[in-house]
Structure formats: C-alpha cells, structure tokens
Amino acid sequence: MTSTASSQDHVLIFDTTLRDGEQSPGATMTHSEKLEIAALLDEMGVDIIEAGFPIASEGDFQAVMEIAQNAKNSVICGLARANFTDIDRCWEAVRHAARPRIHTFIGTSPLHRDITALDQDGMVQRIHDTVTHARNLCDNVQWSPMDATRTEPDFLCRVVEAAIKAGATTINIPDTVGYTYPRESADLIAMLRERVPGADEIIFATHCHNDLGMATANALAAVEAGARQIECTINGLGERAGNTALEEVVMALKVRNDILPFRTGIDTTKIMGISRMVAAVSGFPVQYNKAVVGKNAFAHESGIHQDGMLKNKETFEIMRPEDIGLQATNLVMGKHSGRAALRAKLSDLGYELGDNQLKDVFVRFKALADRKKEVYDDDLIALMAEASLADDDAFLQIRRLRVICGTEGPQEAEMTLRVGGGGEKFIDATGDGPVDATFNAIKMLFPHDARLELYQVHAVTEGTDAQATVSVRLKRGDVVYSGQSSDTDTVVASAKAYINALNRLVMHQHRGNLSALMSSAG
Ligand code: KIV
Ligand code: ZN
C-alpha cells in the first residue's frame, strides 16, 4: 500500500477542481487563482489535489509544478494520457511535491477503443507499458479506465488486473458520462473487488459525473461497496453537468455517519470560503438552492419554518451553518469600521486573510463604504470575489471610463484601456444605452470575434446604492469564456466583467485545446 492508503473507515478525498473542473467550458482560471485554490484545498485537508494536465500547455505545466512545490500536506497529482510523453511531462511537474502522484488514463469502452484504434489485446499491452513506465518514475500511480461504466465487465476486470500487475496503486473507476445508477455503481466496485486478482492491495476510487443528477449518490454507493477514494470538485464544477460535489459527499458522510460509518480528513468549516472563491474565479455562480453551499441552504422564510427554528433549530436543520463555516452575525459594517473589525467579519464569513491581503482588501472596503452607507455580508462576499479577480498583470486593464447618458440618445462612453505591453488606448464610442456604448468602446479598442452569449445583472443587496454583480459570457468557436464583476455602478461592473472574460480568452489562446486532448486519449 502507498502512503495514502486508508484504513477501512477513512475515505480519501481527491479534489479535481483544478483539472476536471477547470476543463468545463468557461471556467478557465488564471495561474494565481489556481495557486490560491490549491493552497485552500491543502489547508482544508484534501488528501489528493489533481492540479492539472501538464502536457496541455506550458501554463498548465507551470501551475502543476508550483502547486507541487508549495503543497504542505496534500498529495499532488497530475493527469497524463496513456503515452510516455504525457507521463514524462506529468512527472516533471509533480516530482517537486513532497508526495507526488501520476494519474494516467485510457478510454476502455468500445466507443473509446474505436477512437484509439486499439483492439482488446493492444489496449492491455498499452496499459501494461504505460503504467509500468509511470511506476518506474513514481511510487504513487493512479490509473483510470475512462468510460468504465460503459466498458464490458469482463474486459474491465482484465484491464484493471493489467494495471494492478503493472504497479498501479489506485484504480479509479470513472462514470465519465454520468450514466450509471447508484446500485450499479456499487455493484461495479463489488465485482472488481471480488474478481480481480490483487484488488485487495490497491485503493479503488470513484469518479462520477452528474449528467443525471446522481453523482453524489453514485459516489456514496461506491464507497459502501468498498471504494475508499472519492473524486470530486468544489461546487460540483466539471465537464458538462459537473462532478460529484466535494461539499455534498463530505457533509453526507458527516451528517449520516450512522449509516455511512466513514470519516474524511476535511475541515468542514472551510467549505463556504472555498466555495465562494471557486464561484468567483470560475465565473460559475452557485445556484441558490444548491445543497450545502447555496444561499438558501440555511435560509428559513416561511412562517411555520421560522417558528419551528426559533423553538428548536433541529426542527428544520440537519447540519449547523457553523459546520460549513457560516456564522450568524448581524454586524453591519460601514465607513467607520476599522481593520480589526473587517478581519473579524471576514473570518466569520470564512475568509482568513494574511496581513498584506487584509491591507489591500481594507482599501477596497473603504472605497466601497464611501459609496455605500451600510456594507452587508453579501457586499463583502462580492468585494472578496472582486479582490480575487483583480490581477495587476492582466492583459487588458480599464484605466478610465466615463459614460454620458441622457434622454436623447445615443449614449456615449469614453474609455482608456491598457492593452498588453502596447500602452494605453483611448476611444469615444456611442451605443444604444450606456452598457452598449461601453461594450462598443471595448470592441473598438480591442477588436475580437467573440460573441456575447450572456449578460446578466443582479443586485447584491437592497437599496439604490446596492452593488450590482454582472456576469458576462463570451463565445468564440466552441469555447466559452466567463467574466464577473461587482460595483455600485452597474456600467462599471459591466465593463469590468466584459474585460475579465476577454482576459480569459487571451489567456486561453496560449493553451492547447483540452477537450481535443481528452477525446484523443490513448
Ligand atoms: O471523467 C473521466 O473519465 C475523467 C478521467 C480522465 C478520469 O475525468
Ligand atoms: Zn471526469
């Protein structure tokens, strides 16, 4: 067994927010965002962090390598297709970790065998060669038969046996297309444990996609059948409908420990903080009624519910807000609030800041409090999201924006934009409304062929001085880029959200096309 071997009652948490999550259309993250998320995952007790796909691009490689160098406790894992070049590149990146892991995979279902043009014998040979190669580099090797749930059971047993014989220490069973059902998920793990020689020597992992909304149930069913590693992401981020949500499986194991007698090493009080961080940097807001981390997950508005809650919280609450890092405080902040009060308030909200970070956030808070009399929790959450998105090295940066509105159109936007290393550019554009004029200015200063797919505004709190959070989605070819921003001025928030999405587009152009890489896995 490897150093990550778990006792019978311990389930390892493998987080793939930075790999499978980041792969979902529009969720591209910057280098510093990835490092920050990895640090939070490490701190909250995630056993294994899948930090990226090092062969995909120089940027992915650098991110995995730096995450590996910085990791304190977590095993750092990189993904590699079933070929020596991918595996070598992956090792180059993860070997800097105190506890590295190589994760190599190949599609084993008939559909995937067609793509790679390998027959069953050819595939078994490929698995033997590549897992052996990975194991010669690293003593911690995970192997996955992609699309396992649609692979013929006999062949699945055969390939899993080949991977174990070649030295894999963890066998991950992916439900790549979110097709399986909880009973099937359990039966599959039970079958492999029963039929495959050497199965007792390795850890089985479960990796479920959520296309039918069953990812969490399927992961837990696999655990009941003997899997001891759950692959998951924060907020369930991931390809298509996403992956198993970390917060759901961890809280299910905690709350229903009576029927699921397993433990994880996760500090659940860190859940809310990282959930907000991932929502901000990915541009994927958490749905209001999302289990565990949705805004309404602990809100009780109906009269009957409120009455019950006042008498005994357990009437309608199966977990306490503080268990996931939510504190019920009513302290409203304002321009007279000091740095210590801000630090305490942010800590209640799940954000632990270092001194330098606090200094920066305090300046932003003061600027907001000058414009807004009362600063509520949601304003601070929006401000923290804004702070995590601010990037002084961003390719496009708004230097100045002035919008002229009136009952007589067209509206006018004067904008100065810093474009890469090329200095500042100025334009005076018009449009059908202030937002249209502002977006036209951006398009003239930085011509591009991405289409605006979504423009959404919502008020963070109430009142005419409320902040607006604006989400923008741009589409270029098949790829979607999201941007988000908040400001008391809706037009400023719109401009920043648009620029944010464009910066992600620019960044993405320096990367390989991940989807193409994944579908050619072999
Ligand atoms: O869904 C999947 O099959 C994957 C593999 C690479 C493990 O993400
Ligand atoms: Zn996946």
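The shortest side-chain heavy-atom distance between Met65 and Arg95 does not fall under the 4.5 Å cut-off.
Using a cutoff of 4.0 Å between basic side-chain nitrogens and carboxylate oxygens, Glu43 and Lys72 are not scored as salt-bridged.
One N or O on the side chain of Glu184 and one on the backbone of Tyr181 form a donor-acceptor pair closer than 3.5 Å. Side chain of Ser144 to main chain of Met146: no donor-acceptor pair is present (N/O by atom type, distance under 3.5 Å, no hydrogens or angles). Between the side chain of Asn218 and the backbone N or O of Cys208 there is no donor-acceptor pair closer than 3.5 Å.
Taking the side-chain hydrogen bond (donor to acceptor under 3.5 Å, both in side chains) definition, one finds that Asn70 meets it with nothing, sequence neighbours left out. With sequence neighbours excluded, the residues forming a side-chain hydrogen bond (donor to acceptor under 3.5 Å, both in side chains) with His31 are Glu66, listed by chain and number.
Aromatic ring orientation, Phe14 versus His103: perpendicular (interplanar angle above 60°, classes split at 30° and 60°).
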Item to check | Audit row: Leu502, Phe395, side-chain contact (heavy atoms from CB on, under 4.5 Å) steps and yes/no | outcome: CA-CA 9 Å; Leu502 275 180; Phe395 187 78; over 6 Å; no
Checklist entry - Can you list the steps and then say if Leu253 with Arg263 is a side-chain contact (heavy atoms from CB on, under 4.5 Å)? => result CA-CA 7 Å; Leu253 291 172; Arg263 66 190 159 80; over 6 Å; no
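Using a 3.5 Å distance cut-off with no hydrogens or angles, the side chains of Thr216 and Glu248 do pair a donor with an acceptor. Side-chain polar atoms of Ser486 and Thr469 form a donor-acceptor pair below 3.5 angstrom. Between the side chains of Thr233 and Thr17, no donor-acceptor pair is found at a separation under 3.5 Å.
Residue pairs meeting the ring pair (Phe, Tyr, Trp, His ring centres under 6.0 Å) criterion with at least one partner in residues 265-297, sequence neighbours excluded, do not occur; the list is empty.
Here Arg476 contributes atom CZ and Glu453 contributes atom CD; the two are 14.0 Å apart, rounded to the nearest 0.5 Å.
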